[in-house]
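Below: one structure, written as structure tokens.
Note: hydrogens, waters and symmetry copies are ignored here, and every other heavy atom, side chains too, is used.
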Amino acid sequence: MSRWKALPGELDPRVRQLVVRLRRLKDHSGLSLRQLAAKTGYSASSWERYLGGRSLPPREAVEAMARIGGDDPTRLLALHEVAAEAWGEGRAGTSAPEATGTAGAAGAADSAHTVEVAGALQAAGADDTGPYNLAAPNEETRHGRSLRVALVAGAVALVLAVSSAVLLAVRLTDGDSRASATPLGSATSSVSPSPSPSGPRTYACEVERIDGRWYAGNSRTRDAVLAEGLAGPEVAEAQCLLRRAGFAPGVVDGIFGPHTKSAVEQLQKRAGLVVDGIIGRHTWGALRR
């Protein structure tokens, strides 16, 4: 664990929160400043300024640190947005003449400031690194702060929702062959065989055992989901294997009809599977054993 120098006392709490999180991620990664520079494209001296609170890191540097440290980039970027706003306010304050006011007005400004910090950090899901005096702000200030907090929280929720949807889609499309069986009557000629002039197409059943599993020469799939109304070589493969197992699916024509469904249900019942007439991973396992 690195022994960090104390941050400047005048550093805004919102910026301090970001710097503390970046320091933790660097310690967690175990990288030196030179190694960190090599992985992120920002020099070691730049990282020394960022981690010392003397300069605000750019958004890209923060995102790179999140990836290296295994943290959620969305949360860290939310902290960076709040810190950037505070940093801009601080620079504007030093370049303009200092405004004078009563002690009561200064106290009210400090209270509004701490409420803004706590609200923004809470919306970003950040850890609390110190106590804050959360005095109630006036109505106008509360409305402005609440709007910013809602926007940040909404952005985080949107990113999480999109990520979950993509992950679910990937899981549902597990494997190339699962989408190869199409509904009966589909225009895709590569999957649904076209009828010949002499009648519906039939498939040959050349059953052989390879590596401890049965194959009929029409498809090697082991997880394509087939149900009544589908057609294709995968259905013909299942019909051949149903025949081999002693069940009657009807003509081996690659069409999943009532006879095929009935044979599947009989197989599932004998194998102790859920009897639903749908061929999935477990039913394929029973067919190929």
Rounded distance (nearest 0.5 Å) linking atom NE2 of His259 with atom CG of Asp253: 10.0 Å
Verify same cluster id: Val251, Tyr203 (apolar side-chain graph, 4.5 Å): no
OG-CZ distance between Ser46 and Arg49, expressed to the nearest 0.5 angstrom: 4.0 Å
Residue pairs passing the disulfide bond (SG atoms under 2.5 Å apart) test where at least one lies in residues 11-46, sequence neighbours excluded: none
Gln17 and Val82: CA distance, side-chain angles, deciding distance, side-chain contact (heavy atoms from CB on, under 4.5 Å) verdict: CA-CA 10 Å; Gln17 183 75 19; Val82 176; over 6 Å; no
Show me, pair by pair, the donor-acceptor contacts under 3.5 angstrom made by side chains of residues 282-289, not counting sequence neighbours?
from   : atom 1 : to     : atom 2 : distance (Å)
Thr283 : OG1    : Gln268 : NE2    : 3.1
Trp284 : NE1    : Ala224 : O      : 2.7
Arg288 : NE     : Thr221 : O      : 3.0
Arg288 : NH1    : Trp214 : O      : 2.8
Arg288 : NH1    : Glu237 : OE2    : 2.9
Arg288 : NH2    : Ser219 : O      : 3.1
Arg288 : NH2    : Thr221 : O      : 2.7
Arg288 : NH2    : Glu237 : OE2    : 3.4

Residues that Glu228 engages under salt bridge (charged side-chain N to carboxylate O under 4.0 Å, His left out), provided they are two or more places apart: Lys261
His80 NE2 to Glu85 CD distance, which is reported to the nearest 0.5 Å: 12.5 Å
Where at least one partner belongs to residues 259-289, residue pairs that pass disulfide bond (SG atoms under 2.5 Å apart), sequence neighbours excluded: none
Minimum side-chain heavy-atom gap Phe247-Val264 below 4.5 Å: no
Under 3.5 Å donor-acceptor, Arg243 side chain and Gly250 backbone: yes
Whether Glu265 side chain and Ser262 backbone form a donor-acceptor pair below 3.5 Å: no
4.5 Å side-chain heavy-atom contact, Leu22 and Lys26: no
Minimum heavy-atom distance Ala236-Val252, with the two atoms named: O-CG1, 3.9 Å
Test side-chain contact (heavy atoms from CB on, under 4.5 Å) applied to Leu230 and Ile255, step by step: CA-CA 6 Å; Leu230 297 180; Ile255 300 174; over 6 Å; no
Contact list for residues 31-57, test ring pair (Phe, Tyr, Trp, His ring centres under 6.0 Å), sequence neighbours left out: Trp47-Tyr50
Set of residues satisfying side-chain contact (heavy atoms from CB on, under 4.5 Å) with respect to Glu81, sequence neighbours excluded: Val152
Contacts of type side chain to side chain donor-acceptor pair (under 3.5 Å), residue Ser29, not counting sequence neighbours: none
Heavy-atom side-chain proximity of Thr260 to Leu226 below 4.5 angstrom: no
Disulfide bond (SG atoms under 2.5 Å apart): pairs with one or both residues in residues 212-252, sequence neighbours excluded: Cys205-Cys240
Contact list for residues 43-91, test disulfide bond (SG atoms under 2.5 Å apart), sequence neighbours left out: none
Set of residues satisfying side chain to side chain donor-acceptor pair (under 3.5 Å) with respect to Arg34, sequence neighbours excluded: none
Partner residues of Phe256 under the ring pair (Phe, Tyr, Trp, His ring centres under 6.0 Å) criterion, sequence neighbours left out: none
Path from Leu77 to Val19 over hydrophobic side-chain contacts below 4.5 Å: yes
Salt bridge flag under 4.0 Å for residues Asp12 and Arg14: yes
Hphob cluster co-occupancy, Leu241 + Leu273, side-chain heavy atoms under 4.5 angstrom: no
Distance-minimising heavy-atom pair for Val15 and Ala86: CG2-CB, 4.1 Å
Determine all donor-acceptor pairs shorter than 3.5 Å in which one atom belongs to a side chain in residues 51-73; sequence neighbours excluded.
from  : atom 1 : to    : atom 2 : distance (Å)
Asp71 : OD2    : Arg21 : NH1    : 3.2
Asp72 : OD1    : Thr74 : N      : 3.2

Distance (rounded to the nearest 0.5 Å) between Asp223 CG and Ile279 CD1: 12.5 Å
Arg209 to Tyr215 six-membered ring, cation-pi geometry met (6.0 Å, 45°): no
Where Ser43 and Ala37 come nearest, the two heavy atoms and their spacing: C-CB, 3.7 Å
